[in-house]
Amino acid sequence: MLDRDVRTWTVLLSGSARVGSFSEALDCFRRMQNECVLPNKFTLSCVLKCCSGLYELRMGKGVHGWIVTSGIGLDVALENSILDLYVKCEAFDYAKKLFELMEDRDNVSWNIMVGAYLQIGEVERSLDLFERLPEKGVVSWNTIVDGLMKNGLQGTALELLYRMISSGHVFNKVTFCIAFNLASSLSNVELGRQIHGLVLTFGVQDDRFIRNSLIDMYCKCGEMEKAHVLFRKISGEFLRTRNSKISCEAEIVSWSSMISGYVRNGEYEDAFKTFSSMVREQVWVSKFSLTSIVSACANAGILELGRQMHAYITKVGHKVDAHLSSSLIDMYAKCGSLDDAWIIFKQTDNPNVVQWTSMISGCALHGQGREAVRLFEYMMKKGVTPNEVTFIGVLTACSHAGMLEEGCDYFRLMEEAYGIMPRFEHFACMVDLYGRAGRLNEAKEFIYNNRLSHLSAVWRSLLSSCRLHKDFSTAKWVSEKLLQLEPFESGPYILLSNMFAAERKWEEAAKIRSLMQQRGVRKHPGQSWIQLKDLVHTFVAGDRSHPQVTEIYSYLDKLIGRLKEIGYSSDVEMVMQDVEEEQGEVLLGHHSEKLALVYGIISTPCGTPIRIMKNLRVCTDCHTFIKRTSQLLGREVIVRDIRRFHHFKHGRCSCGDYW
DNA sequence: TGGTTATTGG
């Protein structure tokens with residue numbers, strides 16, 4: 001078959017390119033050259049497209065050079081293909097030069113450059129270019145709106161979208177996708193609904209891209225029911241068209257969107273259910289879905305399921321990429337197994353900023369502040385630029401480890417060296433840092449100096465510090481502030497009334513309680529849960545609903561008795577904490593974490609570590625109780641509360657009683 | 001030439 005002509009080759013080559021087999025297409029091209037068959041312009045534009053798809057800059061440059069010397073003649077279309085290749089391969093200098101040298105530039109050339117400047121964050125230049133565009137087509141508008149959004153300029157993007165409409169440009173399918181994205185990144189479900197209306201008016205509701213963008217928009221705006229209705233509507237159609245590759249791809253995307261939507265909205269149960277249906281219906285489980293589901297395991301704190309998902313990733317044959325590895329690191333850390341997080345982290349070749357941040361935050365979560373800081377320093381030495389999330393991790397680490405000076409240094413470094421403006425979360429970390437270190441006045445000053453006094457979260461943090469350092473009067477002052485700021489949160493009421501009670505000011509205590517009742521404020525129920533085999537057992541304070549209730553309580557009583565023999569006594573400091581509500585004296589010793597702990601002890605063999613999750617902070621009494629139990633029974637107990645991990649071993653806790 | 005799903009923190 002030596003006499004294949006250029007047309008035969010081109011059919012072969014473009015066929016491979018069309019189905020995305022770029023390497024095969026380029027192989028074809030090489031064989032064609034070996035056989036000394038001269039390519040035509042169409043062949044060349046296909047080849048260039050494949051090069052940019054594979055980020056094959058070197059080969060692309062070679063082809064460019066060959067075109068120039070071969071005398072085949074450059075036309076605008078071919079030059080645009082080269083321009084696009086340079087932009088996709090991030091060879092912006094080449095792209096700029098080529099654009100300057102081009103004799104004929106059409107709309108496409110301009111659009112590519114507008115997109116190029118947006119890609120490298122030179123927004124002003126791209127806007128300038130856009131305004132100078134001789135003729136603005138739909139693609140130009142789409143490019144600028146999309147690029148502005150990706151540069152975080154949602155407001156400007158929206159303005160341009162409105163300008164596009166008012167100047168009489170008609171949306172195409174791509175515009176709809178971009179507009180839905182814009183609505184979700186603005187969390188503007190009303191805008192989303194309006195665009196949904198337009199989709200129906202235009203009759204493009206069956207386009208797969210548009211449908212998926214629509215579902216995704218509702219997911220990201222928190223409207224899961226609406227998303228689910230749309231999803232159900234189309235899933236039947238997917239079943240009928242399973243034989244088409246395009247349909248399969250679209251279906252995979254829509255499942256991923258639903259799963260990530262449930263996870264994003266904290267509806268883990270639904271996320272797991274959707275994932276199971278996806279497997280049952282034999283839909284290809286993509287990395288996207290797995291990343292989300294691993295993150296669900298992380299947040300729900302279900303280590304065993306997380307492990308199963310990790311095994312599943314391997315079984316399906318997915319390579320653990322940057323997204324998967326960072327969510328796995330995060331999952332193991334949040335589920336209490338920092339060792340496993342380290343294993344994944346160490347397997348990573350060149351960790352990116354997210355992977356570093358996951359590991360740093362993981363150390364912080366487990367109270368290993370020094371380790372977190374060491375990692376952070378090492379990361380910077382490696383030339384990886386930290387982002388705002390990394391700093392949240394580092395500041396939290398400093399705060400939990402009582403590293404005041406280091407924390408202050410990093411807070412300065414953030415803005416001075418990296419130009420990251422502190423956000424609310426960073427300020428909150430600082431208040432926590434000062435407070436935990438016992439600098440309550442400095443914390444207060446920090447709040448006022450940075451105009452944070454309207455934010456209840458920073459006062460809540462200060463309140464915890466008052467408790468930690470037993471500063472009764474400041475605590476009372478802060479509680480009153482909180483009571484004004486969030487009159488419908490139960491915490492401050494309970495704290496205040498407890499504090500009055502401790503001072504034996506019964507009338508005032510009762511007044512606060514009745515005010516709380518009048519306003520209809522309800523306390524968040526404290527919950528603890530423990531996973532044994534495949535079951536998650538959940539407990540609330542004084543819970544009597546568990547089938548083994550008698551056994552649990554009788555063991556608990558026995559345990560309390562034995563602990564008292566070695567010096568344990570109920571801690572009275574808990575009046576200064578926002579913990580579970582107690583109603584009677586009997587309940588005092590029956591906080592949910594104690595019940596979960598006892599259930600763990602009686603259900604597992606001696607020596608097995610016990611892992612407990614809790615939706616509030618551990619109270620001082622329970623903390624002491626668990627410490628003593630770990631000593632008495634020689635059991636390791638790992639508790640994840642709402643803020644961090646506590647590793648109890650030999651009568652001590654990893655938090656050093658500083659939490 | 002442009003468009004859909006994922007990770008750290010909220």
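Each chain gets a letter, A, B and so on, in the order its sequence line appears, and its residues count up from 1.
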Note: A:Lys97-A:Asp93 ion pair, threshold 4.0 Å (strictly below): no
Verdict with reasoning, A:Cys398 to A:Val373, per side chain to side chain contact (heavy atoms under 4.5 Å, CB included): CA-CA 8 Å; A:Cys398 292; A:Val373 165; 4.0 Å; yes
Out of B:dT5, B:dA6, B:dT8, whichever nucleotide has its closest atom nearest the side chain of A:Val253: B:dT5
B:dG3 OP1/OP2 closer than 4.0 Å to side-chain N/O of A:Lys150: yes
Distance test, side-chain N/O of A:Lys136 to OP1/OP2 of B:dG2, below 4.0 Å: no
Sugar-phosphate, base or nothing in reach of A:Arg264, heavy atoms under 4.0 Å: sugar-phosphate
Nucleotide nearest A:Asp146 (side chain, heavy atoms from C-beta), chosen from B:dT8, B:dG2, B:dT5: B:dG2
Any A:Lys287 side-chain N or O less than 4.0 Å from OP1/OP2 of B:dT7: no
NZ/NE/NH1/NH2 to OD/OE distance under 4.0 Å, A:Arg460 and A:Glu486: yes
Short side-chain N/O contact to B:dT1 OP1/OP2 from A:Ser140, under 4.0 Å: no
A:Lys220 side-chain N/O to B:dT5 phosphate OP1/OP2 under 4.0 Å: yes
Check: A:Ser464/A:Arg617 side-chain N/O donor and acceptor closer than 3.5 Å: yes
Touch class at under 4.0 angstrom, heavy-atom based, for A:Ser361 against every strand present: nothing
Distance-only donor-acceptor test (3.5 Å): side chain A:Ser326, base B:dT7: yes
N/O (side chain, A:Asn107) to phosphate O (OP1/OP2, B:dT1) under 4.0 Å: no
B:dT5 phosphate, OP1 or OP2, under 4.0 Å from A:Asn181 side-chain N/O: yes
Sidechain N-carboxylate O distance under 4.0 Å for A:Arg125, A:Glu122: yes
Selected nucleotide, minimal atom distance to A:Ser260 side chain, candidates B:dG3, B:dT5, B:dT4: B:dT5
Sugar-phosphate, base or nothing in reach of A:Asn80, heavy atoms under 4.0 Å: nothing
Separation of atom CE in A:Met224 from atom P in B:dT5, rounded to whole Å: 14 Å
